**Student:** 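Before I ask anything, here is the structure I am working with.
Here the structure is a predicted model, which is why all the values come from computation and not from measurement. One-based numbering, in listed order, for ligands and for the atoms of each.
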Amino acid sequence: MFMDIAPRSYKGPRLFKKKGLILVFTGTGKGKTTAAFGTVLRALGQGMRVAIVQFIKGGWVSSEMKALQKFKNQVEVHIIGEGFTWDTQDFVRERRIAQKGWDLCVKLLKKRKHDLYVFDEVLYALQYQFLKQGDVIRGVRLKSPESHVILTGRGASPGIVKIADVVTEMRVLKHPFSKGILAQPGIDF
Ligand code: ATP
Ligand code: MG
């Protein structure tokens with residue numbers, strides 16, 4: 001429904017002009033983090049304030065972060081566990097780092113200073129049981145009614161899907177990695 005004001009004849013569900021949303025980008029295909037950052041770009045264009053916490057798996061600090069330096073007055077970026085690889089050999093350490101990351105997300109949500117929050121790869125941390133689903137659900141509920149939260153990562157759990165307003169599953173039809181083509185600058189990082 002793309003209407004600002006419903007016509008008199010409108011008989012559908014109640015319309016909300018302003019509503020903070022919970023968005024989930026999940027699945028095995030490429031595009032989850034890309035979709036989150038695309039939304040960040042829109043929010044910045046709207047003059048909104050954005051907080052990003054990235055629970056990274058790989059070792060590189062992404063170029064999105066460098067580009068966002070140009071919006072320093074609107075955006076706050078935190079990278080959790082930089083340079084470490086979710087090495088499940090050391091479950092206790094990984095869990096401690098992920099937990100610290102989630103504590104930061106909760107702190108940001110409680111402050112209510114931002115209009116959009118992106119918790120990138122947080123669902124990955126949940127899938128690996130570094131975080132508890134109940135803690136994440138309780139934390140997300142602390143957001144102000146007007147603010148939006150984006151959660152990304154493979155394998156969104158049923159409880160997360162339940163609390164979300166938008167759930168999009170990226171499904172691989174093709175990925176160049178299957179032809180041996182490695183991650184490309186500007187496309188993958
Ligand atoms: P992107 O950051 O490109 O939006 P993503 O967030 O959906 O990707 P992640 O699971 O976070 O995907 O993985 C990030 C990296 O892995 C990216 O370099 C991406 O191209 C690559 N990747 C994503 N999906 C696949 C896949 N199905 N096969 C191989 N590599 C993938
Ligand atoms: Mg990603």
**Student:** Out of all atoms in ligand 1, which are within 4.0 Å of some heavy atom of T34? Include the element for each.
**Tutor:**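 Heavy-atom distances to T34 below 4.0 Å select 1 (P), 3 (O), 4 (O).
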**Student:** Do other residues, nucleotides or ligands put more than 12 heavy atoms under 6.0 Å from the CZ atom of R141?
**Tutor:**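 Count not over threshold, so no.
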**Student:** Could you tell me which non-hydrogen atom of I163 sits nearest to which non-hydrogen atom of I22, and how far apart they are?
**Tutor:**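 Heavy-atom minimum between the residues: O-CD1, 3.5 Å.
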**Student:** For ligand 1, note which part of V172 has a heavy atom under 4.0 Å away: side chain, backbone, both or neither.
**Tutor:**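 It is the side chain that gets close, since no backbone atom is under 4.0 Å.
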**Student:** Could you check whether F130 and F91 have their ring centres less than 6.0 Å apart?
**Tutor:**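 Aromatic pair counts; centres sit under 6.0 Å.
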**Student:** Pick one of side chain, backbone, both or neither for how K30 approaches ligand 1, counting any non-hydrogen atom pair under 4.0 Å.
**Tutor:**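 Looking at K30 and ligand 1, atoms from backbone and side chain both fall under 4.0 Å.
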**Student:** Could you point out which residue of E76, R49, K143 forms a side-chain hydrogen bond (donor to acceptor under 3.5 Å, both in side chains) with H114?
**Tutor:**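 By the side-chain hydrogen bond (donor to acceptor under 3.5 Å, both in side chains) criterion, H114 pairs with just one of E76, R49, K143: E76.
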**Student:** Could you check which of K32, E121, R154, Q184 puts a non-hydrogen atom nearest to atom 11 (O) of ligand 1?
**Tutor:**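 The residue whose heavy atom sits nearest atom 11 (O) of ligand 1 is E121.
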**Student:** Does E121 put an N, O or S atom under 2.8 Å from the Mg ion (ligand 2)?
**Tutor:**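 Yes - counting backbone and side chain alike, E121 has an N, O or S atom under 2.8 Å.
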**Student:** Suppose we only count N/O/S atoms under 2.8 Å; would Y124 qualify as near the Mg ion (ligand 2)?
**Tutor:**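 No, Y124 does not qualify, because none of its backbone or side-chain N, O or S atoms lies under 2.8 Å.
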**Student:** Do any heavy atoms of M170 fall under 4.0 Å from ligand 1?
**Tutor:**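 No heavy atom of M170 comes that close to ligand 1.
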**Student:** Within a strict 4.5 Å, meaning less than it, do heavy atoms of the D115 and V50 side chains meet?
**Tutor:**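 No; the side chains remain at least 4.5 Å from each other.
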**Student:** Quick one: does I187 get an N or O within less than 3.5 Å of an N or O on ligand 1?
**Tutor:**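 No - when backbone and side-chain N and O of I187 are compared with those of ligand 1, no distance drops under 3.5 Å.
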**Student:** Heavy-atom distances under 4.0 Å decide this one: backbone, side chain, both or neither, for T28 against ligand 1?
**Tutor:**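 It is the backbone that touches ligand 1; the side chain stays farther off.
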**Student:** If you measure from the Lys or Arg side-chain nitrogens to the Asp or Glu carboxylate oxygens, is any gap between K32 and D120 under 4.0 Å?
**Tutor:**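 Salt bridge absent between K32 and D120.
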**Student:** Are any of the N/O atoms in F177 less than 3.5 Å from those in ligand 1?
**Tutor:**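 Among all N and O atoms of F177, none is under 3.5 Å from an N or O of ligand 1.
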**Student:** Considering only heavy atoms of G29, which atoms of ligand 1 have at least one such atom less than 4.0 Å away?
**Tutor:**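 Those atoms are 7 (O), 24 (N).
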